[in-house]
Amino acid sequence: MKKFLAAVLSLSLCGAMLTSCGGSGEGTDTGLTESQTSSATETTKTETEAETETETETETETETDTATETEAKTEGSAYASIDEFAKDSEIFSLPTETVSAADSLTYGFVKTLEGATEFYMDVESTDGSMAMIMALSGKDVYMKVAEASSDENLTIIIKDSVMYMMDDEAKSGYYFTADEETMSEYNVEELLGELDIDKEIEEAEDVKTCKVTIDGKEYTFETAETGGGFLFDNDKLYAIINPVSGNEFNALIIHDFSGSVPSDVFEVPSDYELVDLEAAMAEQAAQ
């Protein structure tokens, strides 16, 4: 669960904070296709006329293929679903125009967290395999995870230094005293207090932007060399895509992402059967 939390926050926050969480760009994938790399190799001068002629023909064919691919991307940046879009490795090399970070939708979204003392996020994977709600306020924590592959819907609440772990399907669970290490890992002040939004925008690299069509609707897709990809429905963040694919929290649909937490989210359900784990273990030890 802690690894899951770290991955989601890294994708959503660090993907946007290009200068603090991103690299310098060194060692970054150049985005060249295999045919482009081959073309560059084949342009090397050779000693014989026959080899030169062969290479010229190869270069012409490769340039034609590359032009065709580029034209297809330009004309056909259309996808049947958000999951198809998220799984297309070519989206980070779509034709784009460049805008300053300050003028980008991405940084407009990030500024919604400026000065926030709370954090709320409701997301799901683009393929529908996982959904997650997370809320942090002071020392209180709420986290709900549901996976399509499992009947278990797990909810974790930390309130008044007590940690509750509940199975929503069975309406049962247990609770125990949360230690300081656990509490510190979910500290919202550390998470949000270190963000200097204005400084990040001033020092950020330019952002690339383009229009894409998904399921017949047009979206704006913004990317940066050292960060992730941010898909907007008008000016509202719709999805976050990580350039490195491989698991469900690399591509998230955003239902809600803000610095305001619903007032009743940390309430422990009154109709759940909850076991005092520490008391149960003490009783078992005494037998």
Side-chain angles (χ1 to χ4, degrees), residues 1-15 21 113 116-125 127-195 240 242 246-287:
M1 182 61 64
K2 295 172 185 175
K3 181 179 179 181
F4 183 95
L5 173 62
V8 171
L9 290 179
S10 176
L11 173 57
S12 57
L13 291 179
C14 294
C21 299
L113 296 178
T117 58
E118 300 180 324
F119 176 80
Y120 184 79
M121 179 172 64
D122 181 349
V123 303
E124 69 173 307
S125 59
D127 64 0
S129 63
M130 177 280 304
M132 177 180 181
I133 298 175
M134 182 170 63
L136 305 174
S137 180
K139 293 185 177 181
D140 292 341
V141 177
Y142 176 91
M143 192 184 313
K144 179 181 179 68
V145 179
E147 295 187 55
S149 60
S150 172
D151 292 333
E152 293 184 359
N153 294 333
L154 177 66
T155 295
I156 297 175
I157 294 177
I158 300 178
K159 183 179 180 181
D160 299 328
S161 299
V162 177
M163 187 168 190
Y164 301 83
M165 302 194 71
M166 298 168 286
D167 181 342
D168 297 316
E169 186 71 22
K171 288 191 173 184
S172 62
Y174 53 90
Y175 61 93
F176 54 91
T177 303
D179 57 33
E180 287 300 320
E181 181 179 354
T182 300
M183 299 287 287
S184 64
E185 289 189 6
Y186 300 103
N187 191 313
V188 66
E189 293 181 1
E190 292 185 10
L191 173 67
L192 299 179
E194 296 178 358
L195 297 180
I240 301 175
N242 194 314
N247 55 49
E248 64 270 21
F249 30 76
N250 277 327
L252 299 173
I253 297 173
I254 309 299
H255 296 300
D256 197 349
F257 196 121
S258 70
S260 178
V261 175
S263 59
D264 60 346
V265 74
F266 301 110
E267 295 299 321
V268 178
S270 59
D271 58 340
Y272 280 35
E273 294 184 7
L274 302 177
V275 175
D276 183 335
L277 186 60
E278 293 166 314
M281 293 177 64
E283 181 179 345
Q284 184 177 9
Q287 293 179 351

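Note that these values count all heavy atoms, side chains included, but never hydrogens, waters or copies made by symmetry.
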Quiz item: Looking only at heavy atoms, which two atoms of E118 and S137 are closest? And how far apart?
Solution: OE2-OG, 3.0 Å

Practice problem: Please name all residues satisfying ring pair (Phe, Tyr, Trp, His ring centres under 6.0 Å) with Y120, sequence neighbours left out, ordered by chain then number. | Solution: none

Self-check item: Y142: partners by ring pair (Phe, Tyr, Trp, His ring centres under 6.0 Å), with sequence neighbours left out
Solution: none

Exercise. Under the side chain to side chain contact (heavy atoms under 4.5 Å, CB included) rule, collect the residues that match up with A178, sequence neighbours excluded.
Key: I158, M163, M183

Quiz item: So how far is it from I156 CD1 to M165 CE, rounded to the nearest 0.5 Å?
Solution: 4.0 Å

Quiz item: Is it true that a side-chain atom of D160 and a backbone atom of V162 form a donor plus acceptor pair closer than 3.5 Å?
Solution: no

Quiz item: Are F119 and F257 an aromatic pair by the rule of ring centers under 6.0 Å?
Solution: yes

Quiz item: Looking at side-chain heavy atoms only, is the closest gap between Y175 and D276 below 4.5 Å?
Solution: yes

Practice problem: Step by step, work out the side chain to side chain donor-acceptor pair (under 3.5 Å) result for Y272 and D168. | Solution: CA-CA 8 Å; Y272 280 35; D168 297 316; 2.9 Å; yes

Quiz item: In Å, rounded to the nearest 0.5 Å, how long is the span from CG of L252 to CE of M130?
Solution: 5.5 Å

Quiz item: If you take all heavy atoms of N153 and A146, which pair is closest and at what distance?
Solution: OD1-CB, 3.2 Å

Self-check item: From CE (M132) to NZ (K144), nearest 0.5 Å
Solution: 12.0 Å

Quiz item: Distance from I157 atom CD1 to M166 atom CE, nearest 0.5 Å?
Solution: 4.0 Å

Quiz prompt | Atom pair CE (M143) and CG (L136), whose distance is rounded to the nearest 0.5 Å | solution = 7.0 Å

Quiz item: If you round to the nearest 0.5 Å, how far is OG of S172 from CG of D271?
Solution: 11.5 Å

Practice problem: Kindly indicate whether the side chain of L274, heavy atoms from C-beta on, has any atom under 4.5 Å from the side chain of V268. | Solution: yes

